[in-house]
> 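Okay, here's the structure, questions in a sec.
Everything numeric here is computed off the predicted structure, so don't read it as measured data. Numbered from 1 within each chain, the chains take letters A, B, ... in sequence-line order.
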There are 2 protein chains.
Amino acid sequence: MTTIKDVAKKAGVSVATVSRFLNDSGYVSAEAAKAVTAAVEELKYELNPVARSLNTKKSNLIGLILPDITNPFFPELARAVEDVALTYGYTVVLCNSDENPEKEKNYIETLKKKYIAGFIVTSNQLDAPHYANANVPIVALDRTINEKIPTVSSNNKEGAIMGTNALLERGCRNILFLRGPEELNPANDRYEGFMEAIQSSNLQYQVVTCPFHFADSQEIVARVLKEDPTIDGIFASSDVSAAGALKAASLVGKRVPEELQIVGFDGVAMGEMLSPGLTTVAQDVYKMGAIAARVLIKQIENKKIDQRFYEVPVKLIIRGTTRSVEE
Amino acid sequence: MTTIKDVAKKAGVSVATVSRFLNDSGYVSAEAAKAVTAAVEELKYELNPVARSLNTKKSNLIGLILPDITNPFFPELARAVEDVALTYGYTVVLCNSDENPEKEKNYIETLKKKYIAGFIVTSNQLDAPHYANANVPIVALDRTINEKIPTVSSNNKEGAIMGTNALLERGCRNILFLRGPEELNPANDRYEGFMEAIQSSNLQYQVVTCPFHFADSQEIVARVLKEDPTIDGIFASSDVSAAGALKAASLVGKRVPEELQIVGFDGVAMGEMLSPGLTTVAQDVYKMGAIAARVLIKQIENKKIDQRFYEVPVKLIIRGTTRSVEE
DNA sequence: ATATTATGTGTAACCGGTTACACACCGAAA
DNA sequence: TTTCGGTGTGTAACCGGTTACACATAATAT
C-alpha cells in the first residue's frame, strides 16, 4: 500500500505539502502541485480514510436509523438516501431500531465512536433530549425532535383531505376512517385532515383506530362492516390497512368499488398489485429520502440551510377501489 | 474523551498492559487486570475503534451488496443480516448495486480502504474474478462465485417441484410456467425443477419467459391466457409475476381458483394481501440472511467453516389461489 | 547449582494521515 | 532601508490505539 510518505518522496516534497495539496488547504506552489499530481498518478496513491478520520474526527459515514427496513415504507427511503449519499461520497450504515430507544441510543453511541458524519432518523418514539444532545448533525423524518433539527415529512394533512374528498366526490355517504396509532405523528396529521374534510361535509362517519398491520386491520374492518352495513367508503391511514380492508370486504361479500370504495395512504408498490388496484394517497418517499440526505450533507459540510422544515407534496392515485366521480 | 493513556495512568500501568488486558492478548497479572478494570470503570473509558482499525487494518463493518433494496426480496434479507451482525458487534453498510459491476467494484474498493471486515453479496452478474481477488471474506447469495466462497441459497429446484406438484395434485391439466430471466441462477434452478416434475406427469404444459415485474407479467399472462384458454394452472417463478398473473386472470375473466389456479414463488408479504391470497413456495429469506451473516462472521474471525454450500429449505404455503387437493 | 521456560511489564516504534509552528523568501508600503 | 503581509515549505507533534522487543522475575527442569 502506498502512503503519503511514498508520494512525498517521489514528488520531492514533504508530507505536509502533499497533504495540503490533497486537501486544498494552505499554500502550495504550482510546481509542487504538479510534482504531487504526477507522483499520485504514478504510484496510484489513494488516501487512507481511516487515518484521516483519526485526525479529523470526521468520517463519511451516514447512519440511517429506521424502525424496520422490512416495513414497505422504508426500502425506498433507504434507497434514496443511499443514492444521494453515494453521489456526495458518503456511505450509509443501516440501523433497524424496532422503535426501541435503547437500540437507537446504542447505535448512536457506537457510530459516534466511529466519527459518523450524521444521522437520518425515522422514529416515532424518539428520545428527544437524547438526540438533541447527540452533538452530531441529524435530520428527522416525520417528527420534529427540536426546532434546531431539520425535519422532512409528507404533507399528511393535505393528503388526508384529498383522500377524504376523493371518497366524498364519488358519492360516499358513510365513511369509515381507519386511524393509525396515536403515537405516530403522521397518523395524527392524517386524522386531522380527515376530520377537517369530513366535518365540513356534514356527512356521517366513523373513526376506528387500527394498527398498520394487515391481519389486524382485516379483522377490525370485517367486524365494523358487519356492525354497520351502511358504510360505503373506507379511508385507511396506510396502504397495508387498506389492503386489510379490501380483503375484509371480499370476505364480508361487499363488492368494491360498487358497494364500498376504499382509499389508502402511502402509495406502496403493492397497491397496484391488488385486485382491484388500490386508490391511494401516495407519498413521494424517494423524494423525502433524497431531501433528507441532501439536507443532512449540507449540515455536515457546514453549508447554510435555508429551511428547517420540508414538506413533500402528496399525490392522489386513482385506481380500481374507487368509482368514477359523480356529476 | 478519555484515552488509553488516561486509563494507564490512573491504573498505574503502561498503555501496553492496558491494551493487552483489553484485547486479552499476552500476559496480564491479576493485580494489573483489577487496576485496569477499575480505571476503565471510573473513567468510563471506551476504546476508539478508528484508532484500532488504523493499526489492525480491520474493522467491524460488513458490506451488504444487493441489487436494489426496493425489490421486495431484499429488505428481509437485510434485516436478518443486520440482526445477526448486531449481536456479534458488527455494523452493516448498505450498498445498492443495480446489478452494475462498475458500482459493485467501486463499493468494494471504497470499503476496503475502510478496512471492511467482509461482504455479503447478492448479485446475478457478478464479476467473478473481481470478487475472487478481493482478498476479503465474502459470502454469496444465490450464486457460486468460486469454490472457495461460501454460498447460501434456497432449495429452488426442490421448491419448484413442490409447487408444480401442488398444481398437479389439484387437478391442473395444462400448466403455464412463468420462467424467470435466464441470467438468474435461481430462476434456472426453478425451471429445472418444474421441468422435472411436469415431464414425469406426461401432461400438457407451456413455458414463457417473463421478467420479475408486475405490469410486464400481467400483460404477458393476459395474452397467453387468451391464446390458450385451456390453461388451468400457472406456476410463476416469483410472487410478483404471480400477482401479475392473478390480475391478468381477473381482467380476462378467469375465476381463481375455480377455473385457474396460481402458485407463486418467494413468499413475500404481499402474497397474503391479495384476493384471493396467493399460494406460494416461500423462501425463508430471513434464514438465508442470518446464515450468510453467521458464515461471514465465522470467516472473518477465522473460525472453521464446516460447509461451503448452504441450501435453505423452502416451504409451500397454501392460500386462496389453489383449490383443495383432489382425492 | 545452573539452565530453561513461563509470566509480567514498560518503552518506543508504528499505523497513515493532519496541522501547528518555525522559517525563508518576495514584493510592496513606509 | 526597514517593515510587513502574503507565499511556500519542512519538521515534528499528534490523533488513539497495537505490538515488537528488551528486560525482569518466578517457577521448573536438569
Side-chain angles (χ1 to χ4, degrees), chain A residues 1-40 43-61 89 109-117, chain B residues 1-40 43-61 89 109-117 301-302:
Chain A
M1 186 187 238
T2 79
T3 74
I4 197 172
K5 278 170 204 151
D6 303 326
V7 174
K9 189 176 293 177
K10 171 134 270 169
V13 298
S14 73
V15 293
T17 300
V18 177
S19 179
R20 275 190 294 257
F21 171 72
L22 260 20
N23 294 297
D24 198 18
S25 68
Y27 297 109
V28 175
S29 66
E31 210 178 352
K34 222 175 90 185
V36 172
T37 308
V40 165
L43 300 174
K44 296 197 186 315
Y45 169 73
E46 296 185 278
L47 195 142
N48 182 322
V50 177
R52 171 182 276 176
S53 274
L54 185 55
N55 271 282
T56 59
K57 300 186 185 312
K58 281 171 198 156
S59 77
N60 56 174
L61 251 33
E109 276 165 20
T110 306
L111 294 176
K112 275 180 73 174
K113 284 191 222 151
K114 292 191 200 299
Y115 300 129
I116 192 131
Chain B
M1 183 189 239
T2 78
T3 73
I4 196 171
K5 277 171 204 148
D6 303 326
V7 175
K9 191 178 291 176
K10 170 135 273 169
V13 298
S14 73
V15 292
T17 299
V18 176
S19 178
R20 275 189 293 255
F21 171 74
L22 259 21
N23 294 296
D24 196 20
S25 68
Y27 297 110
V28 175
S29 67
E31 209 178 352
K34 221 174 91 185
V36 172
T37 308
V40 165
L43 299 175
K44 295 198 188 313
Y45 168 72
E46 295 186 277
L47 194 142
N48 181 323
V50 177
R52 170 182 277 177
S53 274
L54 185 55
N55 271 282
T56 59
K57 300 189 185 312
K58 282 172 196 154
S59 77
N60 56 174
L61 251 33
E109 276 165 19
T110 306
L111 293 175
K112 275 181 73 175
K113 284 190 222 153
K114 292 192 201 300
Y115 300 129
I116 191 129
E301 297 180 352
N302 286 316

> Is any side-chain heavy atom of B/Lys114 closer than 4.5 Å to one of A/Leu61?
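A/Leu61 vs B/Lys114: side chains touch.
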> B/Lys113 NZ to C/dG17 P: how many Å, rounded?
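Nearest whole value for this atom pair: 11 Å.
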> Looking only at side-chain N and O atoms, does A/Ser53 come under 4.0 Å of OP1 or OP2 in D/dC15?
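False: A/Ser53 side-chain N/O out of range (4.0 Å or more) of D/dC15 OP1/OP2.
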> More 5' along DNA chain C: B/Gly26 or B/Tyr115, using each one's nearest nucleotide?
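The residue mapped nearer the 5' terminus is B/Gly26.
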> Report, as a single string ordered 5' to 3', how protein heavy atoms within less than 4.0 Å touch nucleotides 18-28 of chain D: B base, S sugar-phosphate only, - not at all.
BB---------
> Do A/Asn48 and B/Tyr115 have side-chain atoms, one donor and one acceptor, less than 3.5 Å apart?
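There is such a pair between these side chains.
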> Over how many whole Å does the gap from A/Glu46 atom CD to C/dG16 atom P extend?
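After rounding, the gap between these two atoms is 14 Å.
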> Distance check needed: C/dT11 P versus B/Lys5 NZ, whole Å only.
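In whole Å, C/dT11 P and B/Lys5 NZ are 13 Å from each other.
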> To the nearest Å, how far apart are A/Asn48 CG and C/dG16 P?
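Going from A/Asn48 (CG) to C/dG16 (P), I get 7 Å.
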> Within less than 4.0 Å of OP1 or OP2 of C/dC15, is there a side-chain N or O belonging to A/Thr3?
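False: A/Thr3 side-chain N/O out of range (4.0 Å or more) of C/dC15 OP1/OP2.
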> Is the closest side-chain heavy-atom distance between A/Val7 and A/Thr3 below 4.5 Å?
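SC-SC contact between A/Val7 and A/Thr3 ruled out.
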> Rounded to whole Å, how long is the line connecting atom OH of B/Tyr27 with atom P of C/dT5?
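Rounded to whole Å, this separation is 13 Å.
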> Measure CD/A/Glu31 against P/D/dT7 and give the value in whole Å, please.
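Rounded to the whole Å, the gap is 17 Å.
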> With a non-hydrogen cut-off below 4.0 angstrom, is B/Val50 in contact with a base, only sugar-phosphate, or nothing?
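Touches nothing.
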> Write down the distance between CG (B/Asp24) and C1' (D/dG17), rounded to a whole number of angstrom.
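B/Asp24 atom CG is separated from D/dG17 atom C1' by 17 Å.
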> Measuring only between side-chain heavy atoms, which start at C-beta, is A/Val13 closer than 4.5 Å to A/Phe21?
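No; the side chains remain at least 4.5 Å from each other.
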> Are side-chain heavy atoms of A/Ile4 and A/Ser19 found at a separation under 4.5 Å?
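When only atoms from C-beta onward are counted, A/Ser19 and A/Ile4 do touch, with a gap below 4.5 Å.
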> Tell me the interatomic distance from A/Lys57, atom NZ, to C/dG17, atom P, rounded to whole angstroms.
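Spelled out: NZ on A/Lys57 to P on C/dG17 is 18 Å.
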> Give a yes-or-no answer on whether the side chains of A/Arg52 and A/Asn23 include a donor-acceptor pair shorter than 3.5 Å.
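A/Asn23 and A/Arg52 do have a side-chain donor-acceptor pair below 3.5 Å.
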> Return yes when atom NZ of A/Lys10 has more than 12 non-hydrogen atoms of other residues, nucleotides or ligands closer than 6.0 Å, and no otherwise.
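It does not: A/Lys10 NZ has 12 such atoms or fewer within range.
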